[in-house]
Amino acid sequence: MRKVSIFGATGSIGQNTIDLIARAPESYDVVALTGGHNIEQLAADAQRVGANLAVTAFDARLDDLKNALTGTGVEAASGQAALTEAASRPADWVMSAIVGAAGLAPGLEALKHGATLALANKESLVCAGSLILETARTHDACLLPVDSEHSAIFQALVGEDMGAVERIIITASGGAFRDWPLVDLENATPDQASSHPNWDMGQRITIDSASMFNKAMEVIETREFFGVSPDQIEVIVHPESIVHALVGFRDGALMAHLGAPDMRHAIGYALHWPDRLDLPVERLDLAKLGQLNFRAPEDARYPALRLARWVMERGGLSGAVFNGAKERALDHFIAGRIGFLDMAILVEQVLDRFEAGSGLIDAAMTLDNVTETDHLARQWTDDAMVNRAG
Ligand code: NDP
């Protein structure tokens, strides 16, 4: 039996992971499940998969969790220290699916204990790519991609020599507003941005898909994960979300990965790797699909892609600045305090301020420095809001 833990179990990726694990209960010994506010789901799943431990990230919810688990034999815990402790418990395979920079510390801890880390939490690589990779190397731990694009690239690279790779193309659905006139974007609401044309995901990543901040993060993630240079990474809008990524080789060949937009494919690939086992995902009927479309992303519609290029050129902790500012700007957008287009404007202002006036951006990449940079980036995003109002 493989020992597994799922961080962010109550979210979209977490629920898809539980769906796969619950189909083969004889194969898995579930060490820990973690969640946030969705205590009912966390407690129900912990019982369903027979987890030893359930952790809520929020101390204020511990009593609710304890009540929900009374008499079940599942241990309950809360808070950041408990998340880290859960990640230190021996496990063969750990799903990192907490949303946001909060996913970094537990993922690092799991790597330090030699677990195979299935990484959905792209923020980890954006904020602290070299720290994550170095920790995996030092502790002989394995890092597997779960983002559908990165899983697709990983699969297209099986048996290939990285030296033969010319370029990597990641596809983007274009999100909720891909066909909206540019002038209407200014008034786009959080509700409108929260509806994805193809994928069923958490609210934050869905809005990030509409703004292309999600794709911007994935471009940085591609650079970190596969070690290619920024100019080898291309983004193409592909409204059907059937081709997830393509790898171009020096002989001109392009290897594409196709599949229905269902995250259980990428999760299942990481769960069973290096084997391929049956997965309950739709099989594509290409004749029924008929055609697949591709178009270049418009610069004016997706400023986040330009900012990602800047971050990759700048390096260091600029990814942590980018992500922290993006997360905070997203908080403000969801709360209705700023417009849709303001998110990229705020993030750019924060990046400019860091470039001009913070030694932190060039500081060593340690967890403490990443955390401090993240906090400062959020604070500077709030400052930028105040300055706008003023
Ligand atoms: P969701 O918002 O659906 O779920 C997030 C999970 O994190 C929930 O379990 C939530 O708990 C928990 N959580 C929220 N805040 C905190 C916190 N401060 N500390 C600890 N746990 C917290 O997100 P998704 O599943 O959509 O995404 C998860 C990660 O995977 C993200 O990094 C995303 O970019 C990435 N990803 C997602 C894809 C998708 O299809 N959804 C595709 C590719 C990557 P609760 O809900 O109980 O409050």
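Indexing begins at 1, ligand by ligand and atom by atom, following the structure's order. Numbering starts at 1 and runs along the sequence shown. All of these numbers come straight from a predicted model, not from anything done at the bench.
Residue contacts with ligand 1 for Ile98 involve both N, CA, C or O and side-chain atoms from C-beta outward (heavy atoms, distance under 4.0 Å). When heavy-atom distances to ligand 1 are checked against a 4.0 Å cut-off, Ala102 comes that close only through its side chain, counted from C-beta outward. Neither the backbone nor the side chain of Gln203 has a heavy atom within less than 4.0 Å of ligand 1. With a 4.0 Å cut-off on non-hydrogen atoms, Ala120 touches ligand 1 through its backbone as well as its side chain.
Checked against the 6.0 Å centroid criterion, the rings of Trp199 and His265 do not qualify as a close aromatic pair. Taking the six-membered ring for Trp and the full ring otherwise, Phe213 and Phe322 have centroids separated by under 6.0 Å. Two rings, from His150 and His257, have their centers 6.0 Å or more apart.
Of the protein's non-hydrogen atoms, the one nearest atom 19 (N) of ligand 1 is Ala57 CB, 3.4 Å. Counting protein heavy atoms only, atom 27 (O) of ligand 1 is closest to Ile13 CG1, 4.3 Å. Among all non-hydrogen protein atoms, the one lying nearest atom 33 (C) of ligand 1 is Ile205 CD1, 3.9 Å. For atom 32 (O) of ligand 1, the nearest non-hydrogen atom of the protein is Glu123 OE1, 2.7 Å. Looking only at protein heavy atoms, the nearest one to atom 48 (O) of ligand 1 is His37 N, 2.8 Å. Protein heavy atom nearest atom 44 (C) of ligand 1, with residue, atom name and distance: Asp147 OD1, 3.4 Å. The single protein non-hydrogen atom nearest to atom 34 (O) of ligand 1 is Lys122 CE, 3.2 Å, given as residue, atom name and distance. The protein heavy atom nearest to atom 26 (O) of ligand 1 is Gly202 N, 3.0 Å.
There is a side-chain donor-acceptor pair under 3.5 Å between Gln15 and Asp45. Side chain to side chain, Asn293 and Glu240 meet the donor-acceptor criterion of an N or O pair below 3.5 Å. A side-chain donor from one of Asn323 and Glu327 sits under 3.5 Å from a side-chain acceptor of the other. Using a 3.5 Å distance cut-off with no hydrogens or angles, the side chains of Asp382 and His332 do pair a donor with an acceptor. The closest side-chain donor-acceptor pair between Thr189 and Asp191, if any, does not fall under 3.5 angstrom. Side-chain atoms of Asp59 and Ser78 include a donor-acceptor pair closer than 3.5 Å.
Every heavy atom of Gly14 sits 4.0 Å or more from the atoms of ligand 1. At least one heavy atom of Met263 sits under 4.0 Å from some atom of ligand 1.
Numbered from 1 in the order shown, with element, the atoms of ligand 1 that lie under 4.0 Å from a heavy atom of Met201 read 39 (C), 40 (O), 41 (N). Close contacts between ligand 1 and Thr10 involve ligand atoms 8 (C), 9 (O), 10 (C), 11 (O), 45 (P), 46 (O), 47 (O) [criterion: under 4.0 Å to a heavy atom]. Under a 4.0 Å criterion applied to the non-hydrogen atoms of Asn121, ligand 1 contributes the atoms 32 (O). Within ligand 1, counting atoms from 1 as listed, the ones closer than 4.0 Å to a heavy atom of Asn38 are 45 (P), 47 (O), 48 (O).
Aromatic ring orientation, Trp180 versus Phe177: tilted (interplanar angle from 30° to 60°).
Separating the OG1 atom in Thr222 from the CD1 atom in Ile153 is a distance of 4.0 Å, to the nearest 0.5 Å. Here the straight-line distance linking atom OG1 of Thr206 with atom CG of Asn214 works out to 8.5 Å at 0.5 Å rounding.
Note: an N/O pair closer than 3.5 Å links Gly36 and ligand 1 by distance alone.
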